[in-house]
Amino acid sequence: MSEDKSLNFIEEIVEADLNIGKYQSILTRFPPEPNGYLHIGHAKSICLNFGLAKKYGGKTNLRFDDTNPSTEETEYVDSIKEDVKWLGFEWAAELYASNYFEQIYQFAVQLIEKGLAYVDDSNSETIALEKGTPTQPGIENAFRSRSITENLQLFADMRAGKYKDGEKVVRAKIDMGSPNMHMRDPIIYRIKHAHHHRTGDAWCIYPMYDFAHGQSDSIENITHSICTLEFIPHRPLYDWCIEKLEIFPSKQYEFARLNMTYTVMSKRKLLQLVNEQHVNGWDDPRMSTISAMRRRGYPAESIREFCDKIGVAKRENLIDLSLLEFCVRERLNKTAMRRMVVFDPLKIVITNYPNTTEYLESENNPEDLSTGTRSIPFSNVIFVEKDDFMEVAPKKYFRLSPGQMVRLKSAYIIKCDDFIKDQDGNIVELHCSYIPESKSGSDTSGINVKGTLQWVNAATAIKAEIRLYDRLFKVEDVANAEGDFKDYINPDSLQIIANAYAEPALKTDNADVAFQFIRKGYFVIDRDSTHDQLVFNRTVNLKDGWAKEAKKA
RNA sequence: UGCCUGAUAGUAUAAUGGCAGUACGACUGUUUUUGGUACAGUUUGUCUUGGUUCGAAUCCAGGUCGGGCAACCA
């Protein structure tokens, strides 16, 4: 595979464990909570967990961390499975923390029996108060010294539904004076009379994250439990539970989560964008979700390549969105079918061309000639892009202006002879003459032109709606920007071109292929498309050297 | 002010006591029937102070700066 590439710190740990024979093979897991859609940050974790197993001949479980029934839904379970599959990964087993509720309950009973857990009747405010602060130790309350028998009975009563939400909790008895807040008798079970998307109403008590995650890892014999940096303070608790319960010693390792410029990555914020309709749903192509990127046309390969490029480390990071876009372009350049589309049409009459239609051949992809060619109609009335003409051209402008020549892609060289304006002074039509011996593929004219334009034959053009997406936010580091993140939403993140003119081949092209509209960018057919109305999403634009040049002037 | 954690080019990431390298970006140029692609080249870096050492990005000590931790969320 990638023998010459250096290992990240987790790969080093895995190799070391394998080399000393600590494990025969590794088992990782991807453990999402089904309370939202997966985003590009999850993709990093997916690629890491599944990638590790793939590289070292191990396996990966997909485990839903469904211990909080009030936020979780089957809709999210389904979307998560679809996204992981689409990214190209196969899980060894589809599992749920809720599968283990009985076993986890028994774990808590064991802790109580060992005198290591107790039922606390305090309300949440009191518990928070007694926990102290990071600089002040907490205090032990009277419930802490309840007898094992009483604790056992109370816990059974909790399960039996004798108490209302919040009336009692079970806490691990660890150390109220610990410098680590998570070790100050953490709550491990709470009462929640809520319907669970899988276990229904079988339970009214649910384990907390810290008493479900490590336990689930251990039950599954996960060797390397990989999570993000914010769980570092949880690790002593993770290890404490495993030690006291005397169960399989899974080990937790932490890496830095992905942050990306011009976007948000937290489920809370993404949910807010959806609920307040700043975007049109979880898969709005401007979102950072996997489903949005899929809809927008980002290939799964590009996302995997991106995750590989950004690496895995413990340092906080903010990755340029442009790196993801680079990965998308790199892939699409090799695979996308070239087509010609004009967004903002300017009519050209080719005055010396006969009143007939000619069919011209054009390659589908110059990077991959095996994709063949297609036939494009050409006649004496065509459309080009309005900004491919300037009445007074600046220097280094290689497009149309009075007297200037350009090549029409896969067709002829034309010369601009005249232009027509309406009464408001807008250019409405160009009169050009073509060079008959300059036909593409058999050019004997000897003329060299600097510019080549895409064009569409007026009589056979089909209309299409084009959706152009820009970054959703106006600032690079949205999460750390002052104030409400919604204040930084880019009002121009979606531009719709209702009536673009496209070459007729697009009408019969398959719906699932990627296109490059020549000189415009990469596009895919959106699912909103109908038989009569084609709708395209711009996946990503092309690099635009001229825009840079023009900006300098 | 407690505990935990981190700091290498604009952004990421490698070098595991022995020539600071790679990718993206930026900038030049060549090629080009996409101002795309490809190719060639240029540019910019070890947070700081001291110590150990023949030799320190790496080890040690202090400082500075960043991130996390006080949910019956995960």
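Residue numbers begin at 1 in each chain, while the letters A, B, ... track the order of the sequences.
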Review point. A:Tyr209 and A:Phe231: aromatic ring centres closer than 6.0 Å?
Key: yes

Exercise for review: Have a look at A:Gln516 and say if it touches a base, only the backbone sugar-phosphate, or nothing, with a 4.0 Å heavy-atom cut-off.
Suggested key: base

Review point. What nucleotide, of B:U5, B:G25, B:A70, holds the atom closest to the side chain of A:Ile232?
Key: B:U5

Review point. Closest to the A:Thr135 side chain: B:G36, B:U1, B:C72?
Key: B:U1

Review point. Has the side chain of A:Thr452 got a donor or acceptor that lies under 3.5 Å from a partner of the other kind on the base of B:U34?
Key: no

Point to revise | From B:C72, B:A14, B:G35, nucleotide with atom closest to A:Asp544 side chain | key: B:G35

Review point. Has A:Ser6 got a side-chain N or O lying under 4.0 Å from the OP1 or OP2 atom of B:U13?
Key: no

Review point. With a non-hydrogen cut-off below 4.0 angstrom, is A:Ile518 in contact with a base, only sugar-phosphate, or nothing?
Key: base

Check your understanding: May A:Tyr209 be described as stacking on the base of B:A74, applying a 5.5 Å centroid limit and a 30° limit on plane angle?
Key -> no

Exercise for review: Using a 4.0 Å heavy-atom cut-off across all strands, classify A:Lys309 as base, sugar-phosphate, or nothing.
Suggested key: sugar-phosphate

**Study point:** Distance test, side-chain N/O of A:Lys192 to OP1/OP2 of B:C73, below 4.0 Å
**Key:** yes

Point to revise | Gap between atom NE2 of A:His193 and atom SG of A:Cys204 - 0.5 Å precision | key: 4.5 Å

Check your understanding: Is any side-chain N or O of A:Arg315 under 3.5 Å from a base N or O of B:G67, one able to act as donor and the other as acceptor?
Key -> no

Practice item. Report yes or no: is there a donor-acceptor pair, N or O only, under 3.5 Å between the side chain of A:Arg519 and the base of B:U34? Key: no

Review point. Is A:Asn123 touching bases, backbone alone, or none of the nucleic acid, heavy atoms closer than 4.0 Å?
Key: base

Review point. Any N or O donor-acceptor pair linking the side chain of A:His182 to the base of B:A71 at under 3.5 Å?
Key: no

Check your understanding: Is the charged tip of A:Arg159 near the ring of A:Tyr105: under 6.0 Å from the six-membered ring centre and within 45° of its axis?
Key -> yes

Study note, to complete from the structure: Of the listed B:U34, B:A12, B:C72, the closest approach to the A:Ile319 side chain comes from B:A12

Exercise for review: Describe the nucleic acid contact of A:Phe326 in one word from base, sugar-phosphate, nothing, applying a heavy-atom distance below 4.0 Å.
Suggested key: sugar-phosphate

Review point. Quick one: is B:A38 close enough that its OP1 or OP2 comes under 4.0 Å of any side-chain N or O from A:Lys334?
Key: no

Review point. Quick one: is A:Lys396 getting a side-chain N or O under 4.0 Å of the B:G35 phosphate, OP1 or OP2?
Key: no

Review point. With respect to the phosphate group of B:A71, does any side-chain polar atom (N or O) of A:Arg268 fall under 4.0 Å of OP1 or OP2?
Key: no

Review point. Can you check whether A:Arg338's main-chain N or O pairs, donor with acceptor, with A:Arg374's side chain at less than 3.5 Å?
Key: yes

Check your understanding: At under 4.0 Å between heavy atoms, what does A:Tyr206 touch on the DNA or RNA strands: base, sugar-phosphate, or nothing?
Key -> nothing

Point to revise | A:Ile310 side chain, from C-beta outward: closest of B:U1, B:C69, B:A12 | key: B:A12

Check your understanding: Donor-acceptor pair under 3.5 Å: do we get one between A:Glu367's side chain and the base of B:G36?
Key -> yes

